[in-house]
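In this text the structure is predicted, and so the values were computed from the model without any measurement.
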Amino acid sequence: MDLAQSPEWQAKAPQSNGSVHPRPSDEADPIRGRPSVPLPVKIVIAGGFGVGKTTTVGAISDIAPLTTEAEMTEAAVGVDILGLGSEKTTTTVAMDFGCVTIDRSLKLYLFGTPGQSRFGFMWDDLAHGALGALVVVDSARLDDCYPAVDYFEHTGLPFVVGVNAFHGHLGHELAEIRWALAIDEQVPVVRFDARERTSVRDALLVVLGTALNKALGEQPG
């Protein structure tokens, strides 16, 4: 028997008026009639050496983060300067990668940059297509974040300065840090803890809000 003439096939076939009905779905897009998927958004996590970028990505990523950590050797002595009391023994030599789903409509892909200036040639590739950036800062070593701030000011990519509260405290007040960095008043400066998931989430939401505000401000009136 012809399959098209079987009762089972006719029961599943579209009506004779030629209309096509999408399969019902609890998460269907009411406009296109297709299952909705989260919008992918790329965020860069930047900053100086040893400020907590890898920790930031690892604290919030829904997956085991991809890291390119290498053991620090004696050749780095005097070149890669760590903060006081740091126990860091590895360094990022390419990038960190992680992702986190904010809700059904938004998924963030996080790309952490290497902190040393000798890896600066990679920043253009890592920042390509990004919506915004979080510049992680150690308040005890503000000069280490100057290159990251300069980079995003030069490229015009929206960014937020996230001051990592090492050991639960800051070396300077946020207003003092803003003054020292000489950044525009429209650039948010926030305190966060790179080890805590909710704290990292809140900092990333500020990045998203900053990028959105800039996009809306650039639209013709």
Check whether any side-chain N or O of [X] sits under 3.5 Å from a backbone N or O of [Y] as a donor-acceptor pair, and report yes or no.
X	Y	answer
K53	V135	no
N164	V136	no
R178	V187	yes
R197	G58	no

Those residues that, when tested against [X], pass side-chain contact (heavy atoms from CB on, under 4.5 Å) (two or more places apart):
X	answer
T101	D62, K107
N213	none
E173	E176

Taking side chain as C-beta onward, heavy atoms only, is [X] less than 4.5 Å from [Y]?
X	Y	answer
D202	F192	no
S61	L110	no
F166	D193	no
E153	I183	yes
I45	L204	yes
T210	V207	no
P65	D96	no
L212	K214	no

- line: Note: P158 and L131 closest approach over all heavy atoms is CD-O, 3.7 Å

field: Option among D124, L157, T113 that satisfies the side-chain contact (heavy atoms from CB on, under 4.5 Å) test with Y151
entry: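 So, applying the side-chain contact (heavy atoms from CB on, under 4.5 Å) to Y151 and each of D124, L157, T113, only D124 qualifies.
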
message: Can you classify the ring geometry of Y109 versus F97 as parallel (below 30°), tilted (30 to 60°) or perpendicular (above 60°)?
response: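 Rings of Y109 and F97: parallel, under 30°.
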
